[in-house]
Amino acid sequence: MYDLRYLRDNFDTIRHQLGRRGADVPWDRLRTLIEQRRALAGQVEQLRHELKKGSDEVAKLKREKQPADAPMVAMKAIGEQIKTIEVELRTVEETLTDLNLRIPNLPHASVPVGNDAGDNKEARQWGSPPLLTTPAKSHWELGEALGILDFDRAAKVTGARFAVMMGVGARLERALINYMLDVHTTQHGYREVLPPFLVNRSSMTATGQLPKFEEDLFRLRDEDYFLIPTAEVPVTNLHRDETLNENALPIRYAAYTPCFRREAGSYGKDTKGLVRLHQFNKVELVSLARPDQSYEELERLTGHAESILQGLELHYRVVALCTGDMGFSAAKTYDIEVWLPSQNHYREISSCSNFEGFQARRAGIRYKGAAGKKDAKTEPIHTLNGSGLAVGRTLVAILENYQQPDGSITIPKVLRDYMGGMERIKKE
RNA sequence: GGAGAGGUGGCCGAGUGGCCGAAGGCAGCAGUUUGCUAAACUGCCGUAGGGGGAAACUUCUACCGAGGGUUCAAAUCCCUCCCUCUCCGCCA
């Protein structure tokens, strides 16, 4: 969503730049609506001014016990005129707002131009693939053989794209959650949050999931509530409609939540294993930052996510998404991709984005300069978030990268305290 | 789920149809007084959008939980919804 004045003043520039994202925006209609809204609003304002003056006149006459019929009749006519124009105005505004909510964010100047994932740019790599002496087995083969993953029973209990973790597998998932939260809260300065897993429509609209992507969400039948697809939604919305003090920024939160996604349109992709599920666990990092510091913050936040993979000693690379591959709300995104031996390629395990003021405008999150400062103005903050990390995919990476010839799994050193000192996962 | 009470500016709190964008108080800011602290006194002190001005500023409009309605005129009357609180029931 764009500030209407900004959109009006920079219409052609924005139109041009969004062309590179392949955004399907009805530009001409949008321009017409903006002008119509402006004209109608002006008319209403002027008529209302007349009405107000007339009503004051009536009040004055009545106080003086004078007849007031003439102005009352005249004002009634104006009142009706206002009502007519307002109906028109409301229609225009509704259409305009709906269109506006469906315009994607503007990419930052540093984002590589491109059409799809093939045009993404690798920023850096860390570590190296493990040296396996036997052909790499997939995590689902390993996990099912060890008795820690069960997809058949998950399908029975719920359906496709769900998983059950059992025994040491369940504990490993829990260990990862705790490890990630501990690192981010004690080493990186994030405040831990445990938010609701269901949110309302306003929250989903504020962070950009709605109105455009409703088919990707699970929705309750009897309430207008949605299951969160990421903790980004409840956590960013903590400060919806708030004006924050500049001194308080940046505000950093780390939240563990399960995430629920319909995965509409991904039939046939990643049908096996833990990689693409309707429900998965994630530790999310969210930051609210001053606009002039948000790109520094994006680098920092991405580094915080990377540090988890470094602690786990997993090989990964970081790529800057190109204009065509970025999400709807993002101005710039880095994906962190972990190495998966069984697939012999990198797989997204974290996505770190700066949304600039895009979500903040929708959410009404603003900040104010420190009191006493002369040029203190109130404007949207910048919001950022990134996975730190997707827990299920991290478990996948551990199983595959730490697999032994006998099918057992070595537990990364940093997790052993969380696993009661256990060093290896063997068949139970 | 049943019964009741409420939602007004950063906070507290007046205001049941007409100079109410909203009394009063607290907090905050600027200043005066004062040996310091404190106190007292004076002034300022909501947000958003449009117009005018280089700017301090000025003017118009909207906003008293949200959305409709009645009326010449709504914080005030009516309807719907949301939220909070109390009691009962149920429940982890």
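In what follows, every chain begins at residue 1, and chains take the letters A, B, ... in the order their sequences are listed. Predicted, not measured: the structure shown is a model, and the values here were computed from it.
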Checklist line | Short side-chain N/O contact from A:His49 to OP1 or OP2 of B:C60, under 4.0 Å | finding: no
Margin query: Mind checking if A:Lys53 touches a base, just sugar-phosphate, or nothing, with heavy atoms under 4.0 Å?
Written below: nothing
Check: Under a 3.5 Å cut-off for both distances, is B:U47 Watson-Crick or wobble paired, and to whom?
Finding: B:A62
Note to self: Is the ring pair A:Tyr6/A:Tyr2 parallel, tilted or perpendicular, if the boundaries are 30 and 60 degrees?
What the structure shows: parallel
Next item on the list: Mind calculating the distance between CD (A:Glu86) and C1' (B:G67) to the nearest angstrom?
Entry: 13 Å
Next item on the list: Any strand is fair game: report the nucleotide pairing with B:G17 by Watson-Crick or G-U wobble, both distances under 3.5 Å, or none.
Entry: none
Margin query: Whether A:Arg48 contacts B:C60 is assessed here as follows: a side-chain N or O lying under 4.0 Å from the phosphate OP1 or OP2. Is that the case?
Written below: no
Check: With both distances under 3.5 angstrom, what nucleotide forms a Watson-Crick or G-U wobble pair with B:U76?
Finding: none
Notebook entry, point to check: Taking only N and O in the side chain of A:Lys52, is any of them less than 4.0 Å away from OP1 or OP2 of B:C60?
Noted result: no
Next item on the list: Would you please say whether a donor-acceptor pair under 3.5 Å links the side chains of A:Thr383 and A:Gln359?
Entry: yes
Note to self: Can you tell me if A:Arg38 touches the phosphate of B:G49, counting only side-chain N or O atoms and a distance under 4.0 Å to OP1 or OP2?
What the structure shows: no
Margin query: OP1 or OP2 of B:G67 versus the side-chain N and O atoms of A:Arg90: is any pair under 4.0 Å?
Written below: no
Next item on the list: Examine A:Phe355 together with A:His382 and report whether their ring centres are nearer than 6.0 Å.
Entry: no
Item checked: Carboxylate-amine/guanidinium proximity below 4.0 Å for A:Lys137 and A:Glu144 -> no
Notebook entry, point to check: Closer than 4.0 Å, any side-chain N/O of A:Lys83 to the OP1 or OP2 of B:U70?
Noted result: yes
Margin query: Taking B:A48 as the reference, what is the distance to B:U34 when you measure between their C1' atoms (whole Å, please)?
Written below: 43 Å
Check: Whom does B:U32 pair with, Watson-Crick or G-U wobble, provided both distances fall under 3.5 Å?
Finding: B:A40
Note to self: Need one value for A:Met72: base, sugar-phosphate or nothing, where a base atom within 4.0 Å counts as base even if backbone is also close, heavy atoms only.
What the structure shows: base
